[in-house]
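These notes are about the structure you will find just below.
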4 protein chains.
Amino acid sequence: MSAMAEAKSPGRPRCQETRDAILRAAYELLESGGLVAFTIEAVAERSGAAKTTIYRWWPNKGALAMESFLRVAEQHSPFPQTDSARADLRAHLHLFAKSLRGRAGRLLTGIVAEAQKDPATRAAFIRSYVAPRRQAARALLERGIARGEFRTGLDVEGVCDALYGFFYMRLLLAHAPMDDAAVDRIVDLVLSGISLETETVA
Amino acid sequence: MSAMAEAKSPGRPRCQETRDAILRAAYELLESGGLVAFTIEAVAERSGAAKTTIYRWWPNKGALAMESFLRVAEQHSPFPQTDSARADLRAHLHLFAKSLRGRAGRLLTGIVAEAQKDPATRAAFIRSYVAPRRQAARALLERGIARGEFRTGLDVEGVCDALYGFFYMRLLLAHAPMDDAAVDRIVDLVLSGISLETETVA
Amino acid sequence: MSAMAEAKSPGRPRCQETRDAILRAAYELLESGGLVAFTIEAVAERSGAAKTTIYRWWPNKGALAMESFLRVAEQHSPFPQTDSARADLRAHLHLFAKSLRGRAGRLLTGIVAEAQKDPATRAAFIRSYVAPRRQAARALLERGIARGEFRTGLDVEGVCDALYGFFYMRLLLAHAPMDDAAVDRIVDLVLSGISLETETVA
Amino acid sequence: MSAMAEAKSPGRPRCQETRDAILRAAYELLESGGLVAFTIEAVAERSGAAKTTIYRWWPNKGALAMESFLRVAEQHSPFPQTDSARADLRAHLHLFAKSLRGRAGRLLTGIVAEAQKDPATRAAFIRSYVAPRRQAARALLERGIARGEFRTGLDVEGVCDALYGFFYMRLLLAHAPMDDAAVDRIVDLVLSGISLETETVA
DNA sequence: TGGTAACCGAGACGGTACGTCTAGTCTTATC
DNA sequence: GATAAGACTAGACGTACCGTCTCGGTTACCA
């Protein structure tokens, strides 16, 4: 038999349907009306759950928003792994852009806003969403370096922030489109830089 | 009749000191306690002004936050104009980073968050803060192109989003520092790209 | 110049209609549904006032119940003052019983219940309602003593508690009627006692 | 061993200790903190029983309060039976006052308050507590009448309400003491009445 | 010099949502 | 079947801000 505990705490077990209904109501509200419509009371009403139940499982608005967002976001933008790191990067960012253009994007703006007023939410966001993607992106870049596609001594973190920052920027400000052409251009930019001649970086 | 409006409306003229006190209270609150502490009631109390007076001049929280932010931000991060576009870019971004590390940064996070729940605030933010900087950045880049420093056919908007996006990213998530070394690295990155060999971009 | 202050505090003056609407809603609810229906939320909804407004003026449920009760109770059961203290007592108690059979009685049960869980309400009840009536009843009894109608050395407080206690008993327990015949009988009882022969009390 | 049914229903028999623990916890809470502290959840926690168990045996708060009160009250204030009805009455009321000054009094106020919001509790209170005492008091008074100590044609119910009402009054309002001297005075009063001369009652 | 129009403070008002509390019901596993 | 544990719906509690309103009083100008 396996070592996993099972534990089986006493009492009525948690109702999974209620939990799902709450998370569903949460992201539906967050998606349709943004952070303004996203209210614990509204979530309670829409999900049919009692406020008490919500507060039993999530300490505050931010935590609930985070989890409902993760549900939606987790199943998207995988990291392809072909024999070209450049192609992988491009492919991944196209998928990422696509997810941001959809439901996940509409939720993400709310999460980022909420994260500004609640440090715990920010921490959870970084830990649960940002960090894993960073980890994968870092691996991709380092694979590229190992394969000789990318420059050695690269500031990998910086590259990530410039690349993802581009998308966050367009998402949060919505001042310019985030279509496939734009994605291609930003990938080209980051690959080749803006300088006309290849100079030796100091 | 003269061209300058002046109009000189009747009645008691607006009290400039009150206006200043309100804006000062606003950014002090926004700076010290973030969006959570930034409350019209708190601004009223701290400034000594009546809520009515605040609402007479600013339609809502976002508008007041915007204006108090602009007061602080406007006097920073100028665009140098030497004979090297690359140097100008680098110099500007160092100044920009410095301003974000200070008071302006602490306010900016609140503004961006507020912009997510109020379209008018987002519009004002783009119009009053983002657009002018973009305009100047665009000019800088195009000057560089004209001088043969930067590649022709550059997606100028995209470059801006990647560059500024980097800073917004670090500011909003605070997951990595935004010191001068990081600025230098990101400038290098954007100048030269990540690819090892200079390839012809499709 | 008159002696009365007037004071005239700054700001928007209190809206008397709202105040009245709240008190009216309060006693209507208290009357129709008792303490169970008497909820700040229900009072707010029925009166059209905001909960905030209610809490601005009354510290808790008990205080509001008290005041709305006093409104109703204050205009009832006066103390007649003829040349017969016995007749006055009888007349007063008939009026008192009548008021308890009406709206005031339905409110009073709620007040007494609330007073059991909130010392402040009990204090207010005694101070505002019980004490003035006691004062008048005491005066009536002492007038009777002075006129030679009532025994000297009477425990006036005890008489009051026995008399009013009779009514509270019937009101709170509702186990027996409180009609005019019952009032007459209790007055007779207290006047003459239950002993068959007039004995000298130790 | 007797032949009586025993019935022996199937399943685990009811745990008497749990029942006792619940009732004990109930009156301890009711006694120490009044109706405010008397919470089903608090009773459950203090007794170590589950809420379910409480609700299996008592339909609601009022019923539990009633029963725990009866436990305490039932063993007190017996009705002596000597050859003087007057002495018996006096003796009984002294015992009754003593019980009200103790634990039973502290519980009684809660019961009366609860009875105002729940008709079932009121009915149970009258049925289980008030009625038996009334029955005995009535018997005492009628014995007195039969022995020629008390007036014939007495409104026995009215006498009871005036006498007990006195005690309820002092208990619920706590505006005056309920010591032995006060008891003596109220007995004297009810025995002899307040009128100076023995008049013929209309 | 007095009228008038817009200013300002204070603060009451109707609302919305918060996060907490308790009631009473239910579901599960254990005894 | 009784019990402990504890999740669940329901709904009131009292608080915090929102944005609007109505006062009394204060400038400045213009007639």
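Protein chains get the first letters and strands the later ones, always in sequence-line order, with residue 1 at the start of each.
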Is it the case that the base of [N] and the side chain of [X] share a donor-acceptor contact (distance under 3.5 Å, atom types as modelled)?
| X | N | value |
| --- | --- | --- |
| B:R12 | E:dC7 | yes |
| C:S9 | E:dA10 | no |
| D:T52 | F:dA5 | yes |
| D:K51 | F:dG6 | no |

Next on the checklist: Assuming nearest nucleotide by heavy-atom distance, tell me which of B:V36 and A:Q16 is located more 5' along DNA chain F.
Outcome noted: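 The answer here is A:Q16.
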Checklist entry - Does B:N60 or A:R14 map to a spot on DNA chain F nearer the 5' end, using the closest nucleotide for each? => result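 Its nearest nucleotide lies further toward 5', so the answer is A:R14.
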Item to check | Atom pair distance, as rounded to whole Å: CD1 in D:I40 and P in F:dC8 | outcome: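 Between P of F:dC8 and CD1 of D:I40: 21 Å.
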Return the nearest nucleotide to the side chain of [X]; candidates are [options].
| X | options | answer |
| --- | --- | --- |
| B:P13 | F:dA28, F:dT15, F:dT26 | F:dA28 |
| A:A50 | E:dC13, F:dA10, E:dT20 | F:dA10 |
| A:E41 | F:dC8, E:dC18, E:dA10 | E:dC18 |
| B:T39 | E:dT25, F:dT22, F:dC18 | F:dC18 |
| A:K61 | E:dG24, E:dC18, E:dG11 | E:dC18 |

Item to check | Donor-acceptor contact present, side-chain A:S128 to main-chain A:F125, <3.5 Å | outcome: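 Not a single qualifying donor-acceptor pair exists.
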Checklist entry - More 5' along DNA chain E: D:P59 or C:R19, using each one's nearest nucleotide? => result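 On the 5' side of the pair lies C:R19.
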